[in-house]
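What follows is a short report on a single structure.
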Amino acid sequence: MKKIEAIIKPFRLDDVKDALKEAGIQGMTAIEVKGFGRQKGHTEHYRGAEYTVDFIPKVKIEVVVPDELAPAAVEAIERSARTGKIGDGKIFVLAVEEAVRIRTGERGEEAL
Amino acid sequence: MRFACPFRAAAPALALLLVVGPAWAGTGPNPGDTAWLLASSALVLLMVPGLALFYGGMVRAKNILSTLMLSFIAMGVIAVQWVVAGYSLSFGGSPGPWIGGLDRLFLSGLTPETLSGTVPTLAFAVFQGMFAIITPALISGALVERVKFGAYTLFIVLWAFLVYDPLAHWVWGEGGWLLRMGALDFAGGTVVHVSSGVSALAAILVLGKRRGYPTERFIPHNLTMTLLGAGLLWFGWFGFNAGSALAANGTAVLAFVSTNTAAAAGMLGWLAAEKVRFGRPSALGAASGLVAGLVAITPGAGFITPGWAIVVGGLAGLICFRAVCLKERLGYDDALDVFGVHGVGGAWGALATGIFATVGAGSLITGDLRQFGVQVVGVVAAAVYAFVVTWVLCRVLDATIGLRVSPEDELVGLDQTAHGEVGYSL
């Protein structure tokens with residue numbers, strides 16, 4: 001099993017979700033996060049006071065998939081999240097040791 | 001313009017009223033005037049929660065309830081103080097030039113039949129009471145996020161006795177020295193705005209900066225709340241200014257229209273300044289600018305035509321924007337810009353009244369140099385008095401009970417530490 005973590009632009013979330021569904025992924029988790037990378041932050045003005053905001057809003061999605069589905073899922077995210085502009089985000093793939101479906105007690109890929 | 005005003009400016013308007021003939025010719029109170037004054041009183045009271053929201057959106061989430069409470073507690077303590085003694089000290093009989101008498105303690109002697117002009121005196125008293133409530137609440141914007149709730153509450157009660165009541169008497173009370181001199185303050189440019197703005201500055205010089213200011217970020221936590229509050233302030237300000245005619249008459253209508261126009265122009269002025277300086281007009285700028293316009297037209301609302309109100313309001317937006325930017329350089333922490341908007345805007349408005357008044361009063365544009373001079377005297381006197389008394393009062397309170405919360409409490413936030421609550425929980 002593989003866990004795919006992707007940090008994407010918030011407004012791409014719906015497209016990424018649809019692309020993952022098409023690739024056969026049946027569930028995912030999305031979290032609102034803040035961070036920065038090469039895109040850097042921006043400045044905000046409040047009554048003349050200028051603030052540099054380093055952390056910018058992003059969405060982090062997490063999916064756990066069987067090994068054979070991982071390449072297709074990564075490709076789906078890559079394609080659907082890309083705008084070509086700086087700040088499109090990153091995808092990480094991690095190995096997963098175990099999964100449990102709490103309701104039934106199923107283990108491993110059965111639980112996904 | 002108060003019913004007892006002996007100044008010459010009101011004479012032509014009153015004469016006209018008598019010649020044309022008012023709609024009401026009975027012996028009791030005029031129902032139309034009374035209804036408008038009561039409605040206006042309610043409108044001015046609504047400005048206090050409006051102000052609370054306006055300020056509340058600009059602080060950090062951990063201090064939201066604390067900030068709202070600094071305005072709300074004024075509705076509690078000042079409404080009582082006003083009935084007990086405030087009204088009498090401001091408007092009581094056996095008047096001197098500096099302070100009113102003690103004959104109206106607990107509003108004694110004011111029955112439903114007691115009239116002032118065309119309205120029951122009780123209606124006038126409650127209307128004035130709303131002004132007394134909102135003025136110290138205005139100061140709270142400078143003190144938020146670090147002032148002790150109890151010390152602040154005591155401060156505003158003492159401030160009402162020592163600063164507000166005397167100033168109201170000087171400008172509006174029978175025998176008040178600025179009234180005698182002919183100073184024009186239609187609805188409180190000096191009494192409310194100069195006094196609160198300058199007092200805010202004096203208070204923060206004693207209280208000190210918020211921890212981390214200005215290196216840490218103090219970003220407003222909810223500007224939607226601030227815009228809602230600004231909208232309520234604009235709405236309530238119709239009672240504040242048009243109600244100050246103390247009658248449902250042409251002067252009230254003029255004040256209403258000029259007030260609306262100046263608020264709009266103030267918003268445009270501030271937004272234009274922001275656009276030039278930072279490239280983008282902001283929502284907080286719109287809210288701040290309209291308040292600046294409202295502040296500036298307050299002393300002249302019943303004397304200035306809507307055309308000139310565009311100039312008064314528009315310049316208020318520009319001037320107050322500059323004043324607020326200046327704070328950064330001067331290095332004091334007027335947290336929500338009470339001095340920059342109310343002090344500077346109120347002073348500009350009082351002077352602007354001496355420049356642009358054409359209805360029932362003279363000014364620079366009608367060739368009345370003296371009136372402008374009187375306006376300058378009014379602003380300077382109110383500012384110096386409010387600053388000195390507030391500074392001394394704050395020093396005394398700070399040395400005795402302490403004005404400021406502990407550094408730990410400031411870090412945790414005053415909602416939890418002062419009130420045992422949080423504004424938001426999931």
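Numbered from 1 within each chain, the chains take letters A, B, ... in sequence-line order. Just so it is clear, the structure is predicted and the values come from calculations on it, not from any experiment.
K58(A) and Q39(A) are linked by a side-chain donor-acceptor pair at a separation below 3.5 angstrom, with hydrogens and angles left out of the test. Defined by atom type and a distance below 3.5 Å, a donor-acceptor pair is present between the side-chain atoms of E274(B) and S282(B).
Comparing P220(B), C325(B), G285(B) by heavy-atom pairs within less than 4.5 Å of chain A, the highest count is held by P220(B). Comparing I219(B), L223(B), V324(B) by how many heavy-atom pairs each has under 4.5 Å with chain A, the most go to I219(B).
For a residue to count as touching a neighbouring chain, one of its non-hydrogen atoms must lie under 4.5 Å from one of that chain's; by this rule L326(B) does not touch chain A. For a residue to count as touching a neighbouring chain, one of its non-hydrogen atoms must lie under 4.5 Å from one of that chain's; by this rule R217(B) touches chain A with backbone and side chain alike. Only the side chain of R280(B) comes within contact range of chain A, with at least one heavy atom under 4.5 Å from a heavy atom of that chain. Both the backbone and the side chain of Y46(A) come within less than 4.5 Å of a heavy atom in chain B.
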Please walk me through it: do W237(B) and N260(B) pass side-chain hydrogen bond (donor to acceptor under 3.5 Å, both in side chains)? CA-CA 9 Å; W237(B) 225 292; N260(B) 196 55; over 6 Å; no

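When each of L138(B), V295(B), T298(B) is tested with V192(B) by the rule side chain to side chain contact (heavy atoms under 4.5 Å, CB included), just one qualifies, namely L138(B).
In this structure, the side chain of R404(B) does not engage the main chain of V206(B) through any donor-acceptor pair within 3.5 Å.
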